[in-house]
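Chain identifiers are assigned alphabetically (A, B, ...) following the order of the sequence lines, protein sequences preceding nucleic acid strands; residue numbering begins at 1 within each chain. What you see is a predicted model, and the numbers here were worked out from it, not measured in a lab.
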There are 2 protein chains.
Amino acid sequence: MKEDITNILKRNSLSLTASREKILQLFLSNDGALSHGDIEKKAGERFDRVTVYRTLQTFTEKGIIHTIPTADNAVRYALCKDNCSEGHHHDHHVHFICQQCKQTFCLDDVVTPDIKLPRGYALSHIEVVAEGVCRQCKR
Amino acid sequence: MKEDITNILKRNSLSLTASREKILQLFLSNDGALSHGDIEKKAGERFDRVTVYRTLQTFTEKGIIHTIPTADNAVRYALCKDNCSEGHHHDHHVHFICQQCKQTFCLDDVVTPDIKLPRGYALSHIEVVAEGVCRQCKR
DNA sequence: CATAAAAAGCAACAATGTTGCAAAATAGAT
DNA sequence: ATCTATTTTGCAACATTGTTGCTTTTTATG
């Protein structure tokens, strides 16, 4: 784990710092996606809010994490698979929000479908968010 | 127009007030979706921020408008078609965000596709947001 | 026009996000 | 191991956004 973290940072030519390591660790040990608020809470009092903002921004730019749109003004972040790189995200999977536990998951195996847009629209990327009840909550 | 507004409010048993009329008018005369901030700006200094919040909440509950998730912490709202009713939205269309003009549009004719989820997930509703360049900006 | 009910406005506050700058930590060379 | 340039952090101050309780105003209705 500690090794994974070091690898990810090195691979993206980011220096190894306590906050980056901690935040990466949170993502690695967490099933679902995390909001800025989640991270602040889970990281404890140990990091400044500003540091968390900047770290998330850096990670997003580097393609280490990606954002997940929501209808509640609390963008979530989740780890990217290895095929994302600086400035270029290649996440084509569906996201799932559980209405019960409120967690957001990446359904890595569910690929976003093709959508046919009306004439005149240029498509660059599609985001699919499914809502319902997740596996754990359902039983 | 004024008549449409009155109709919508009456139909939903909402009293006719200046702010509700103004906000509805903004939606009716606007192509794209509007964020809370947009509405505050467009409505001028005439309404309290709190009133705008409460009006948007009421309209959403009544099924007059629906929310559109975003990755930038600025939820957009757009008018629902007539088939939405109190507590029950039936919007199954795709939304489009233009990267140039930053506007959000409802593509009323583009229906959200069916998505097959892994075993164990109960689906209640799917949201599709497409990003790219819109018709106006493209030419 | 009077009245009850609903909505708006106001104030105070909480939470969230941003910026500039000084202090601290890191990477890399010696 | 130590020094140094560079990067990152923490802090302070601030801006923006969202929330709540309460009073005043407006609306619907007889």
Side-chain angles (χ1 to χ4, degrees), chain A residues 2-3 5-26 33-62 64-65 67-77 86 102 104, chain B residues 2-3 5-26 33-62 64-65 67-77 86 102 104:
Chain A
K2 165 75 179 160
E3 205 171 315
I5 292 174
T6 307
N7 276 340
I8 295 176
L9 291 175
K10 286 242 169 102
R11 189 166 61 229
N12 289 281
S13 36
L14 291 174
S15 38
L16 309 179
T17 70
S19 59
R20 285 176 182 163
E21 285 166 14
K22 178 66 186 172
I23 291 176
L24 263 186
Q25 188 216 307
L26 288 178
L34 299 170
S35 67
H36 172 93
D38 294 336
I39 292 168
E40 255 188 63
K41 273 163 219 139
K42 296 202 185 227
E45 299 296 300
R46 307 203 282 110
F47 304 106
D48 196 86
R49 256 151 30 76
V50 179
T51 302
V52 177
Y53 280 111
R54 294 199 266 229
T55 303
L56 289 175
Q57 192 183 309
T58 306
F59 283 2
T60 307
E61 284 164 7
K62 290 288 187 178
I64 300 173
I65 59 179
T67 58
I68 303 168
T70 64
D72 70 347
N73 277 339
V75 177
R76 309 296 151 82
Y77 301 85
E86 184 147 5
K102 302 295 175 196
T104 301
Chain B
K2 165 75 178 161
E3 207 172 313
I5 292 174
T6 307
N7 276 340
I8 295 176
L9 291 175
K10 287 241 168 102
R11 189 166 63 230
N12 288 282
S13 38
L14 292 174
S15 38
L16 309 178
T17 70
S19 60
R20 285 176 182 165
E21 287 167 12
K22 178 65 187 173
I23 291 177
L24 262 185
Q25 188 216 306
L26 287 178
L34 298 170
S35 68
H36 172 94
D38 294 336
I39 293 169
E40 255 188 63
K41 274 164 219 138
K42 296 202 186 228
E45 298 296 299
R46 307 201 283 110
F47 304 107
D48 196 86
R49 254 151 31 77
V50 178
T51 301
V52 177
Y53 280 112
R54 295 200 265 230
T55 303
L56 289 174
Q57 192 183 309
T58 306
F59 284 2
T60 307
E61 284 164 8
K62 289 290 186 177
I64 299 173
I65 59 178
T67 57
I68 304 168
T70 64
D72 70 347
N73 277 339
V75 177
R76 309 297 151 80
Y77 301 86
E86 184 147 5
K102 302 294 176 196
T104 302

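Atom CD1 of B/Ile68 and atom OG1 of B/Thr104 lie 5.5 Å apart (nearest 0.5 Å). Once rounded to the nearest 0.5 Å, the distance linking CG of A/Leu26 with CG of A/Asp38 reads 9.5 Å. Here CZ of B/Arg76 is found 9.5 Å from CG of B/Leu34. Values are rounded to the nearest 0.5 Å. Considering OG1 of A/Thr17 and CD1 of A/Ile23, their distance stands at 8.0 Å, rounded to 0.5 Å.
In terms of phosphate contacts, B/Asn73 brings no side-chain nitrogen or oxygen within less than 4.0 Å of OP1 or OP2 of C/dT16. When the side-chain nitrogen and oxygen atoms of A/Arg49 are compared with OP1 and OP2 of C/dG17, none of them lie within a distance under 4.0 Å.
When atom types are taken as modelled, the side chain of A/Arg20 and the backbone of A/Ser15 share a donor-acceptor pair closer than 3.5 angstrom. A/Arg49 places no side-chain N or O within donor-acceptor distance of the main-chain N or O of A/Glu40, the cut-off being under 3.5 Å.
Counting to the nearest Å, the P atom of D/dT20 and the CG atom of B/Asp48 are 15 Å from each other. Rounded to whole Å, the distance from CD on B/Glu21 to P on C/dA6 is 19 Å. In this structure, B/Lys22 places its NZ atom 17 Å from C1' of C/dA8, rounding to the nearest Å. Spacing between atom CG of A/Asp38 and atom P of C/dA15 amounts to 15 Å, rounded to whole angstrom units. Summarising the geometry, the separation between OH on A/Tyr77 and P on C/dG17 is reported as 8 Å, rounded to the nearest angstrom. The distance between atom CG of A/Leu9 and atom C1' of C/dT26, rounded to the nearest whole Å, is 13 Å. We find that CZ of B/Arg46 is positioned 14 Å from P of C/dC10, with the value rounded to whole Å.
Put simply, the side chain of B/Glu21 reaches to within 4.5 Å of the side chain of B/Lys2, judged on heavy atoms. Side-chain contact between B/Phe59 and B/Leu14: present, with at least one pair of heavy atoms (C-beta onward) separated by less than 4.5 Å. Considering only heavy atoms from C-beta on, B/His36 stays 4.5 Å or farther from B/Val75 through its side chain. B/Leu24 has its side chain within reach of B/Ile64: a pair of non-hydrogen atoms, C-beta onward, lies under 4.5 Å apart.
Inspection of the B/Ser19 and B/Arg46 side chains reveals no N or O donor paired with an N or O acceptor under 3.5 Å.
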Which protein N or O atoms sit under 3.5 Å from an N or O of nucleotides 24-30 of chain D?
residue, atom, partner, partner atom, Å
D/dA28, OP1, B/Leu16, N, 3.0

Restricting to nitrogen or oxygen on both sides, can you table the protein-nucleotides 28-30 of chain C pairs closer than 3.5 Å?
none

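Taking the side chain of A/Tyr53 as heavy atoms from C-beta on, and the options C/dG20, D/dT20, C/dT18, the nearest nucleotide is C/dT18. With C/dT18, C/dA8, D/dT9 as the choices, the nucleotide that has an atom nearest any side-chain atom of A/Val50 turns out to be C/dT18.
For A/Pro69 against B/Ala71, the heavy-atom pair with the smallest separation is CB-N, 3.6 Å.
Counting non-hydrogen atoms under 4.0 angstrom, B/Arg54 reaches a base of the nucleic acid.
The stretch residues 55-62 of chain B has no heavy atom under 4.0 Å from DNA chain C, so no residue of it qualifies as close.
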